[in-house]
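Computed from a predicted model, the values in this text were never measured in an experiment.
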Amino acid sequence: MKSFKRFLLLAIVASLAVFAAACGSSNNGSSEGTTAEGTAAADGEELEGSVVIDGSGTVYPFMSVMAEKYMTEAQEGVSVEVSRAGTSAGFKKFLVENGTDFNNASRHIKDEEKVQAEELGMDVHEMKVALDGLTIVINPENDWAKELTEQEIIDIFLAEGNKKKWSDVRPEFPDEEIKTYGPNENHGTYEFFWETILEEKDLAEGANLQQEYSTLVDLVSKDKNAIGFFGYGYYASNTDKLTAVKVDFGNGPVEPSLDTIAEDGDYANFTRPVFTYLNKGMAQEKPQVLDYAIFTMQNAQTVASETGFAPLTDEEIKTAVEELEGLK
């Protein structure tokens, strides 16, 4: 009898333990932790409302995946809207009263944009989220320009380079007109290319600049004599339509990849950080905005690798999260 009572007591205790564990894991509707530590979701707080993001077309794939991840894994009650007007056009929507919560950017915020923020009394926080490699792309049928020097690329896109035909680049190249393509002035990628690579000199006459990256992919994929530029992610998702040029920066040709894209790596000359900018006022007024910012940095490495960006270091992530936690 004593043995039976002891068995019954142990069974009851075990049942209570299972029940307690189930209750303890029900805050997020799941028994597994699907969100990074430090977010409101991880603390069991359910948020609602909206997060509005615009800006860079280059950063768009990264942020759209991040938004989906947040809404499905962290906060189902929050609606995250991501658009892609371009870096500069996005800042115009961000730097206004009641503007967007975040602006994605493939360049640093400009001095005149900082002045705009100051005039509005807006405190802007820069969030570096990943690294991108400016990628030079050609048509798959182009079998002569798979490797080019950095200077040859610059000369092709510069008006003063006077490279109108492929044979002007190298005598053995075809005697065919070069067609140059790239994103338009709304995009930080254009500004990076023009300001950093071309040193603010005039583009080659007839350069075809487009708003939509999908249009650029289509144009280059249909033109044997085309050469264009944009972020690595758009090439990585269209390798069946495009060929990436290997660039010789002086030590042999380097193919852009997640291994070579780095600020101190083999592809450093064409590597740049990409960002999203946070309106601190919005973050302090709307808890879902700050929560999304923290979630973004905690998941930045994973999403970067999934969307064609080189991830930041663990130390950079740790510092970024701590800075955002300090806004609470």
Side-chain angles (χ1 to χ4, degrees), residues 55-66 84 86-87 104-107 129-150 152-154 156-157 178-184 186-194 196-198 207-249 252-263 265-275 303-311:
S56 170
T58 298
V59 183
Y60 175 80
F62 170 95
M63 196 57 78
S64 61
V65 169
M66 187 68 72
R84 48 181 173 181
T87 297
N104 297 329
S106 53
R107 60 162 173 81
V129 296
L131 297 176
D132 179 45
L134 184 80
T135 303
I136 309 302
V137 295
I138 54 176
N139 185 282
E141 293 184 26
N142 182 332
D143 58 3
W144 60 87
K146 293 181 178 180
E147 297 180 2
L148 295 170
T149 67
E150 180 181 19
E152 284 173 333
I153 291 167
I154 291 170
I156 286 170
F157 283 94
I178 300 172
K179 304 290 184 63
T180 52
Y181 296 90
N184 66 20
N186 283 330
H187 293 278
T189 299
Y190 166 86
E191 292 173 293
F192 172 77
F193 189 69
W194 180 65
T196 305
I197 309 301
L198 302 186
N208 189 335
L209 306 180
Q210 296 288 329
Q211 172 67 20
E212 297 296 330
Y213 285 103
S214 58
T215 303
L216 287 173
V217 170
D218 186 60
L219 289 168
V220 175
S221 71
K222 293 178 178 178
D223 189 340
K224 186 176 181 178
N225 291 299
I227 184 168
F229 67 91
F230 41 66
Y232 177 77
Y234 280 94
Y235 160 70
S237 59
N238 290 282
T239 54
D240 57 327
K241 300 177 182 178
L242 305 168
T243 296
V245 174
K246 296 179 182 179
V247 185
D248 188 343
F249 297 103
V254 180
E255 183 176 2
S257 71
L258 296 185
D259 293 326
T260 60
I261 295 170
E263 290 173 298
D266 294 337
Y267 206 72
N269 287 19
F270 280 8
T271 293
R272 57 178 174 161
V274 292
F275 312 90
V303 174
S305 298
E306 291 175 355
T307 53
F309 293 91

Requested in this report: Quick one: pull up OG1 in Thr149 and NZ in Lys246 and give me the separation to the nearest 0.5 Å.
Outcome: 15.5 Å
Query - Distance in Å, Ser214 OG paired with Leu219 CG, rounded so as to fall on 0.5 Å steps - result: 9.5 Å
Requested in this report: Would you name the heavy atoms of Thr243 and Tyr235 that are closest together and state the gap between them?
Outcome: C-CE1, 4.0 Å
**Report entry** Closest heavy-atom pair and its distance - Ser305, Pro311
**Finding:** OG-CG, 3.8 Å
Query raised in the report: Tell me, do Ile136 and Glu152 make a side-chain contact under 4.5 Å, heavy atoms counted?
Result: no
Report task. Could you tell me which non-hydrogen atom of Arg84 sits nearest to which non-hydrogen atom of Gln211, and how far apart they are? Result -> O-NE2, 4.0 Å
Query raised in the report: Quick one: CD1 on Ile178 to CG on Asp223, what's the gap to the nearest 0.5 Å?
Result: 11.5 Å
Query raised in the report: Under 4.5 Å between any side-chain heavy atoms of Ile261 and Tyr232, yes or no?
Result: yes
**Report entry** pair Ile227-Leu148: side-chain heavy atoms closer than 4.5 Å
**Finding:** yes
Requested in this report: Could you check if a side-chain atom of Thr189 sits within less than 4.5 angstrom of a side-chain atom of Arg272, using non-hydrogen atoms only?
Outcome: yes
Query - Side chain to side chain, Asn208 and Lys179, heavy atoms closer than 4.5 Å - result: no
**Report entry** Minimum side-chain heavy-atom gap Val247-Tyr267 below 4.5 Å
**Finding:** yes
Report task. Measure the shortest side-chain to side-chain distance between Val220 and Ile138 over non-hydrogen atoms and say whether it is less than 4.5 angstrom. Result -> no
Query - Whether Asn142 side chain and Trp144 backbone form a donor-acceptor pair below 3.5 Å - result: yes
Requested in this report: Would you check if the distance from the ring center of His187 to the ring center of Phe230 is below 6.0 Å?
Outcome: no
Requested in this report: Write down the atom of Thr260, the atom of Glu255, and the distance for their closest heavy-atom approach.
Outcome: OG1-O, 2.9 Å
Query raised in the report: Quick one: CZ on Phe192 to CZ on Arg107, what's the gap to the nearest 0.5 Å?
Result: 13.0 Å
Query raised in the report: In a check of side-chain contact (heavy atoms from CB on, under 4.5 Å) between Leu134 and each of Ile197, Thr58, Thr271, Asn269, which one passes?
Result: Ile197
Query raised in the report: For Ser221, does its backbone N or O pair with a side-chain atom of Asn139 as donor and acceptor, under 3.5 Å?
Result: yes
Query - Main-chain N/O of Tyr234 paired to Asn238 side chain as donor or acceptor, under 3.5 Å - result: yes
Requested in this report: Would you indicate whether the side-chain heavy atoms of Phe270 and Thr135 approach each other to under 4.5 Å?
Outcome: no
Query raised in the report: Which of these passes ring pair (Phe, Tyr, Trp, His ring centres under 6.0 Å) with Phe229: Tyr213, Phe157, Tyr190?
Result: Phe157
Report summary line: To the nearest 0.5 Å, atom OG1 of Thr87 lies from atom CG of Asn104 at 8.0 Å
